[in-house]
Amino acid sequence: MSRPRTTRLSRRQILAGGAASTSLLLAGCTGGGESGSGSTDGSSDTTDDGDSSGPDPTLYVAQVKGPIDMDPVVINDVPSGQIAGQIFDGLYEYGEDVRIQPKIAADMPTVERDGTRYIVPLREGATFHNGDPVTADDVVHTMTAPVDEQTANASEVNMIDTAEVVDETTVQFDLKYPYGAFTTAMVRSVVNASVRREDPEAYNQEPIGSGPFRLVEWEPENYATVERVDDYWDTAGQPAVAGIEFDPIEEQTTRVTELETGNVDIIETIPPQLYETVESNQSARVTESPGVGYYYLAFNCANGPTSDPRVREAVDYCFSMDQAIENFVEPSGVRQYSPYPASISAEWEFPVEEWSAIPHDQDIDAATSLFEEAGVSTDYEWRIIVPPDDMREQIGITIGDGLQNAGFENVEVQRLDWGTFIQTYQSDEGPNSEDAYNMYTLGWSGSPDPDAFAYYLLSQQTNGVTNGTFHGYDEASAMLTQARESADYETRRERYIDATTQLLEARVHLPAYNLNNSYGVNDAVDGFSAHPIATEVQVATDHTTVSVSR
Amino acid sequence: MGLLRYTLWRFAQAIPVLVGIVTITFFLANQIPGDPVEIMLGPTPAQEQVEAIRARYGLDRPLYERYLTYLAGVATGDLGQSIYFDRPVAEMILLRLPVTLLLMVSAFAFAIVTAIPLGVLSAKRRNEPADHVSRVVSLVGVSTPSFWIGLVLIIVFAFYLGWFPARGLVLPWADPADVRGAATRLAVLRQSAHHLFLPMIALGTLQMAQIARIERSSMVDSLQGEYVTLARAYGVPESTIVRKHAFQVAQLPVITIVGLGLSTALGGAVLTETVFEIQGMGRLIITAINNQDYELIMGTTLVFGFVYVVGVIVTDVAYSYLDPRVTYGDD
């Protein structure tokens with residue numbers, strides 16, 4: 001081996017490279033107000049507004065996570081839905097609350113055959129961004145493709161038996177069973193069937209919608225940029241901003257900092273400990289709306305001591321859910337006394353006051369005597385499983401503390417990863433044992449219909465799938481099925497009230513809270529407010545026009 | 001054995017190592033409780049849908065069959081399909097790898113450019129105030145986790161002073177038309193440097209401290225060598241002795257520590273990317289693990305393993321290349 005002759009030269013080159021890098025970095029250090037990229041890695045800066053697409057500025061939105069998909073047929077996550085909502089229009093759209101109104105549909109659907117047939121008239125003049133008209137075939141493809149292709153969101157439309165094009169402006173859906181919540185299922189973004197059929201994967205990369213914005217570019221789990229469609233078919237929903245840049249900022253403190261420094265206009269989800277920071281900001285405000293969700297404690301009603309209703313009531317006496325929510329959830333969320341979010345309860349006029357009187361205040365003596373009456377030994381080893389979420393873990397820990405106060409020394413609150421959690425509480429071989437869990441905390445979000453909560457979480461039909469209680473209240477469960485399969489509002493309402501009251505009194509669940517959809521909004525933004533539906537970031541709709549003045 | 005043959009031989013030796021990485025990762029990942037499809041769908045009543053998606057990704061096949069299929073795929077450059085992203089794993093890696101490499105190269109550049117003068121200065125002024133300061137800086141650098149440094153940098157330089165952005169990265173090769181506020185290539189480079197500065201320091205501080213410590217001790221040894229004494233006896237100026245006689249010999253341990261520092265830097269990149277919201281390989285592997293995306297876990301781990309193995313080989317080759325006492329495997 002000969003001694004290398006180029007060592008010194010290489011070192012010099014390295015040093016020269018290093019010096020060049022350092023110079024470049026120092027140059028960058030002096031770059032002051034220049035920062036941000038709309039394309040490479042999701043950082044943004046509104047201090048230098050390089051908008052070139054018109055006099056209206058761009059709106060900068062910081063999401064909690066980035067989008068995964070852009071094709072509504074496959075989208076199954078909130079961030080993707082928030083962006084797709086700008087690019088696509090649906091047959092129907094949400095108004096300022098959870099009530100829906102026609103968009104591509106010309107009117108509300110006609111319901112026939114005891115709620116198993118929905119006939120939808122279409123509006124004329126709706127067009128996709130490539131100029132294609134929105135047709136009945138596009139609507140049929142939108143509603144049937146998820147099941148045909150077995151996509152992750154197929155369960156949202158799997159009640160459809162057949163979907164037919166009646167004529168150019170009429171679509172007919174026949175359902176497998178009456179499904180009262182079908183109207184909300186039609187708030188799906190309508191895709192361009194002919195383009196999508198050619199290459200579904202390409203459509204997921206470069207979707208063509210009929211909404212007020214078109215997609216410019218995006219990167220999975222990262223940023224997305226949309227620009228205004230100047231010749232948008234629905235003049236009532238014409239945007240007042242040139243475009244929107246969505247960037248994910250997962251770290252909540254960074255998200256708030258970016259709002260404070262004016263680098264973004266809107267940030268999603270304000271954590272409880274940072275509410276005050278945002279509210280005290282001179283140039284920003286908080287807008288929030290209770291979401292369509294439900295977080296709860298559920299009991300193993302089939303095995304172990306919690307199969308006895310007296311024990312479940314004793315657990316209720318062990319702690320104060322009101323206090324726990326105040327400590328760990330507010331102001332990011334609100335106390336909820338039933339499986340139904342406030343918006344649903346209000347729309348359906350549910351007896352929320354009556355239900356709010358069911359849970360007990362903390363009373364350890366009452367708890368102890370009920371445990372003794374039920375014959376639960378203080379040596380009993382309790383197991384509470386919680387998902388990887390701080391709030392739900394805190395609820396579990398609070399209950400654990402309450403049980404310890406009642407004399408139980410062996411209480412385990414186990415935080416499980418999602419995969420393990422789901423595997424533990426789901427079962428296709430009958431009720432889970434008490435060794436799996438005595439209690440679990442979980443949450444659920446769904447469409448704004450009682451069925452989306454009551455059926456999935458409390459019906460025996462969903463035992464071991466989305467209902468881990470395995471309760472034996474057959475009558476209540478049957479009522480939930482009847483409510484689901486009825487198209488009559490009054491019948492449904494009565495069934496939901498009766499079944500829910502029975503199950504709450506039996507303490508199959510202890511309802512806990514619902515989270516707010518909260519946003520921090522720079523004062524330069526006008527017209528934006530939080531919506532109960534998490535995927536609804538309403539910037540340009542028939543009833544909302546968000547503008548930015550810099 | 002010549003340099004080329006030696007290098008090829010070392011790369012050939014790396015193949016079983018990589019197969020080992022794939023094998024261990026594959027079976028470990030598949031032993032994690034839970035199911036990626038159930039995580040993707042959440043609790044859902046549609047069992048047929050779960051089964052259809054499992055079949056689509058081949059998760060319904062026996063483990064050994066999936067393993068063999070995966071190995072065959074890797075051999076042809078096919079790293080499989082990500083369940084979470086529903087895209088080829090290779091596509092996701094190609095999207096994210098340049099970001100992490102940029103971060104790592106910058107961190108190492110920062111570390112080398114600062115650590116070597118610091119180490120040399122420290123050794124030359126041994127037991128003087130400059131040495132004490134240098135040693136304290138190195139000790140703090142070695143002892144402080146990169147994510148904590150990152151958070152402090154964000155609080156001070158982004159939040160309070162507002163000198164640097166708290167998150168994100170502008171890639172230097174990005175099209176100026178795609179970078180807001182950057183009309184020219186130079187402006188893109190400036191923005192890139194501006195964004196890179198804090199993460200570079202956060203990730204590079206540990207490397208800097210390690211290199212500075214090794215540089216110092218190596219230079220101290222070197223400056224006590226007989227050839228240095230001889231040079232001094234000949235009246236060679238001290239600066240020339242340090243620069244020409246002592247420095248070069250002292251770099252061999254430094255090269256080793258730089259090569260081995262790759263693994264630490266890869267681990268640090270995961271944390272640094274998380275703190276600074278940079279979408280690189282580190283974030284990708286976290287997403288893969290959180291969602292039990294088997295193919296993505298294996299693909300990202302394989303790339304991390306490959307980068308590490310290449311780092312070690314390059315170190316070995318450089319070591320043999322620079323030090324005449326080290327042979328290319330000849331007896």
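Order of the sequence lines fixes the chain letters, A, B, ..., with proteins taken first and strands second; residue numbering starts at 1 for each chain.
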So how far is it from Met92(B) CE to Glu219(A) CD, rounded to the nearest 0.5 Å?
7.0 Å
Contact class of Thr254(A) relative to chain B, heavy atoms under 4.5 angstrom:
side chain
Under 6.0 Å from the CH2 atom of Trp148(B), do we count more than 12 heavy atoms belonging to anything else shown?
no
Here the gap from Glu277(B) atom CD to Asn222(A) atom CG, rounded to the nearest 0.5 Å, amounts to 10.0 Å
Please give me the minimum heavy-atom distance between Arg87(B) and Asp69(A), naming the atom from each residue.
NH1-OD1, 4.3 Å
Greatest number of heavy atom pairs closer than 4.5 Å to chain A - which of Phe85(B), Phe108(B), Phe157(B)
Phe85(B)
Given heavy-atom pairs under 4.5 angstrom as the criterion, report whether the side chain, backbone, both or neither of Gln205(A) touches chain B.
side chain
Hey, are the side chains of Glu260(A) and Phe159(B) touching, using non-hydrogen atoms and a 4.5 Å cut-off?
yes
Determine whether a donor-acceptor pair (N or O, by modelled atom type, separation under 3.5 Å) exists between the side chain of Arg283(B) and the backbone of Glu221(A).
no
Roughly how far, to the nearest 0.5 Å, is CG of Asp247(A) from CD of Gln279(B)?
10.0 Å
Which atoms of Asn153(A) are under 4.5 Å from chain B, going by heavy atoms: the side chain, the backbone, both sets, or neither?
backbone
Please tell me if the side chains of Pro220(A) and Leu95(B) come closer than 4.5 Å, counting only heavy atoms from C-beta onward.
yes
For Asp389(A), all residues meeting salt bridge (Lys or Arg N to Asp or Glu O under 4.0 Å), sequence neighbours excluded:
Arg392(A)
Roughly how far, to the nearest 0.5 Å, is the CG atom of Asp86(B) from the CG atom of Asn204(A)?
7.0 Å
Considering the options Glu251(A), Glu250(A), Glu258(A), which one meets the side-chain contact (heavy atoms from CB on, under 4.5 Å) requirement together with Arg167(B)?
Glu258(A)
CG of Asn290(B) to CG of Asp417(A): how many Å apart, nearest 0.5 Å?
7.5 Å
At a heavy-atom separation under 4.5 Å, does Glu149(A) approach chain B through its side chain, its backbone, both, or neither?
backbone
